Structures are given as structure tokens and as C-alpha cells.
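Comments concern the structure below.
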Number of protein chains: 2
Amino acid sequence: MNVQNTHISVLLRDLHRSLIEIVSAMNRPQRDEALLREAGLSLDRALFPVLVLVERLGPIGVVDLADRVGRDHTTVSRQISRLESLSLVTRQVGTHDRRVREVVIAPAGKRMTDRIDATRERRARAVFDNWSTDELATFVGLMHRFADALTDDPGTKAAEPA
Amino acid sequence: MNVQNTHISVLLRDLHRSLIEIVSAMNRPQRDEALLREAGLSLDRALFPVLVLVERLGPIGVVDLADRVGRDHTTVSRQISRLESLSLVTRQVGTHDRRVREVVIAPAGKRMTDRIDATRERRARAVFDNWSTDELATFVGLMHRFADALTDDPGTKAAEPA
DNA sequence: ATAAGTATGTGCATTATACACATAATGAGG
DNA sequence: CCTCATTATGTGTATAATGCACATACTTAT
């Protein structure tokens, strides 16, 4: 263990600290509720992340979606049913694979996510108030790179069938 | 809306995309389980984040802890009881305020989090394999700053009693 | 053509969760 | 010193979310 490695260990530990802070903040149900309230909307908080992901990830199957939210596919399947009964999303048979029932955002759902996004952007601007554009751009670039590396990390994915 | 603002909007949207990826990855229960398995440990996955936070945040009360994990304090209270019965944490009456029962990491719990940290660091090194030390240092610095800004953001905290 | 694999959905039992409520301790004001 | 509002914690209980076992429909490989 040389100096360089020790230095990196410290950096990684510091990074993990920040990551915990960030994930904690993002995970607070109060945060979603405040966001919805501020946007003048009402939606079950369990359904909120699913709706946002459907809008972001476009036509997507239940299994992929379940992998994203970290829940069993049966759970997500039921959540989608509820979103569908609220006319916020639609299901359509997959074009290439007819086993897949692709979930798509519906007009009412899109209107909702648009309002949420607007509110979120307003907040984000406040958070980055005293950042220069260059700093922000650098940060966004590094975050993008980190997110990609993390997603490709085998330890992050589901365990292979042994 | 001038060019500068539009540019920032794009940056923020890109950032949110990455944030979703990162938080999704961190939230996967499979990730915790894989981490535990790799470290040769066994622990209920609901208890895992609580244990880690107790180790990180040192002697801490139930309310503060509940705020961090985004759950009701009664839920966290029960989780701590379970951790205590496993001899992973200890409770002690607060030194300054005797209402608080501070939760402290126990030797067995510390041994567990140490092994987890070691495994986590090994993984992190793999993720940042092709980053230069400078890039990593810059990233860590910006993440730290972001985490602080996010934590101070009123929209992230609990709603005030209105 | 048959079998193996994958995507989805339902019945059901478990349990995590939060609300209502109770207790103990603190701190402010009279 | 003595209330009284406030805060930290914990228990009983009802609700709801979750995941497993299982079934069905479709795809792909042999």
C-alpha cells in the first residue's frame, strides 16, 4: 500500500459519504410529497417513482422497469395496473416481442411529469445558485461518466444464475 | 429565457438523468445482498442501511436516524431493537439529553461494517479504474459540495409545521 | 416439432410500515 | 420552584406493500 493508494482510499471514503447524503436526500418520501404538493398534484407516493421512470425510459417492459426500481416484477406489475387505471400510463403489446407489454406514458401522465420537472428544475437552480456554469458543466460530465460506470458494474446488477 | 438559461436547463436535465441512474443503482436490494455475500456476511436487508448509518453517524438518536433513512421513527425504533438483539449495536442514554437513547455501533457491528467497507472499496476501485487521480479528486470535491447544497435545500427536509 | 427460456400476471401469506397513543425528560416562564 | 408546551422514544394495531409459488403466453434454440 503506497501513498497513492492511501490517497485514493481517502477519496473513495469521502465520496461514499457524499453518496450516502445524496441518496438519503433523494429517497425521502417527504421530498416526493413536497415536490407533488408544490406542483399542485396528488399521487400515491409509491407510484411516483414508477411514473417518472416510465416517462424517462419510454416504452419499457415490466421486468426492465422492476430492475430499475429494485422491486419484484410482480410488485411493479401491480403498480403499473394502478397507474393505468388512473390513465397516467398505457400498455401496448411489444412490436418485436409480443410477450412484452410495453408501458408508455399517457397524455395525462406526461402533463403530470412535465409539471414535476418544471418544479424540480426550479429547485435545482436554487441548489446550484452559487455554481459557475463551468463548474456545473464539469460536474454534470463527471456524473454522467460515473453513472455509466456504475451501471456497467457487475456488482450493481442482479446476480447471475450461479 | 436566454441562451445561458437554456444551456443550464439542458445541463440540469442531464444531471437528473445521471442522478436517477445512480440512485437506482444504489437502491437495488440485490446490490446490498451481493455486497453482504461477497463480504461473507448475512443480515436482513432492511437492517443493512441502518447499521451502516449508525456506524457512520456515530452515537445518534432515533429521530435523527429516521430522518436519514426516510422512514417513520417508530419503524426505525423497531429496526434498532432487532440490531440490538443481534448485538450489532448498543443503546445508551444520552449524555446531555436523557430523553435520547443514543445508538452506538457495537464491536460485532463494527467488524461487520469494516468488512463491508473493504468490499465496497474494492468495488469502487474497479468502477474508477480508468479515472485519473485528478479527475477522481475533482469529482469527489464537486460531489461533496453538491451533497452539502442538497442537504441544506429546504425542499429536501421535512415540511415545517406550516 | 419439441423443449427450454423469458415476460407477464394472479393468489396468497408475510411483514414492513405508519398512525394513534402513551411515557419520560427537557426547557421556558411565571 | 412549579407548571406546561415541546421533544425523544417506544408499543398496539390496522393497513398496505412486498415477494414467493404458480400459471399462461410467447420466443428461441436444437
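Only this structure's heavy atoms are used, side chains among them; waters, hydrogens and symmetry mates stay out. Keep in mind that what you see is a predicted model, and the values were worked out from it rather than measured. Naming convention: chains lettered A, B, ... in sequence-line order (proteins, then strands); numbering from 1 in each chain.
In this structure the side chain of A/K110 reaches within 4.5 angstrom of the side chain of A/D114, judged on heavy atoms.
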query = B/H144 and A/R17: side-chain hydrogen bond (donor to acceptor under 3.5 Å, both in side chains), yes or no, with the steps?
reply = CA-CA 8 Å; B/H144 192 88; A/R17 219 187 146 74; over 6 Å; no
query = Are B/S18 and A/R145 close enough, and set up right, to give a side-chain hydrogen bond (donor to acceptor under 3.5 Å, both in side chains), and what steps lead you there?
reply = CA-CA 9 Å; B/S18 300; A/R145 193 170 158 197; over 6 Å; no
request  = Kindly indicate, with the supporting measurements, whether the criterion side chain to side chain contact (heavy atoms under 4.5 Å, CB included) is fulfilled by B/L19 and A/I22.
outcome  = CA-CA 9 Å; B/L19 264 178; A/I22 293 166; 3.9 Å; yes
task = Tell me, with the steps shown, if A/S132 and A/D134 meet side-chain hydrogen bond (donor to acceptor under 3.5 Å, both in side chains).
result = CA-CA 5 Å; A/S132 76; A/D134 276 353; 5.5 Å; no
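Heavy-atom distances to DNA chain D give each of A/Q79 and B/R101 a nearest nucleotide, and the one nearer the 5′ end belongs to B/R101.
Nucleotide C/dG9 holds its P atom 13 Å from the CG atom of A/L83, rounded to whole Å. One interatomic measurement links the two molecules: CG of A/L65 to P of D/dT18, which rounds to 13 Å at whole-angstrom precision. In this structure, A/I80 atom CD1 and C/dT10 atom P are separated by 12 Å, rounded to whole Å. Rounded to whole Å, atom P of C/dA25 lies 15 Å from atom CD of B/E102. Across the protein-nucleic acid pair, B/L47 atom CG and C/dT15 atom P stand 14 Å apart, rounded to whole Å. Counting to the nearest Å, the C1' atom of D/dT9 and the CD atom of B/Q92 are 15 Å from each other.
Put simply, the side chain of B/R115 gets close to the backbone of B/A39: a donor and an acceptor are under 3.5 Å apart.
Using cut-offs of 30° and 60° on the angle between ring planes, the pair B/F146 and A/W131 is perpendicular.
In the set D/dG19, C/dA16, D/dT6, the nucleotide with an atom closest to the side chain of B/D44 is C/dA16. Of the candidates C/dA7, D/dT9, D/dT18, the closest approach to any side-chain atom of A/T75 belongs to D/dT18. Residue B/D97 has its side chain nearest to C/dT26 when only C/dT26, C/dT8, C/dG5 are considered.
The side chain of A/R82 contributes an N or O atom lying less than 4.0 Å from OP1 or OP2 of D/dA17. Checking the phosphate oxygens (OP1, OP2) of C/dT17, a side-chain nitrogen or oxygen of B/R71 falls inside 4.0 Å.
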Between the protein and nucleotides 19-23 of chain C, are there any N/O to N/O pairs under 3.5 Å, and if so, what are the atom names and distances?
from: C/dC19; atom 1: N4; to: B/T74; atom 2: OG1; distance (Å): 3.3

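If you check distances only, the side chain of B/R99 does reach the base of D/dT7 with a donor-acceptor pair under 3.5 Å.
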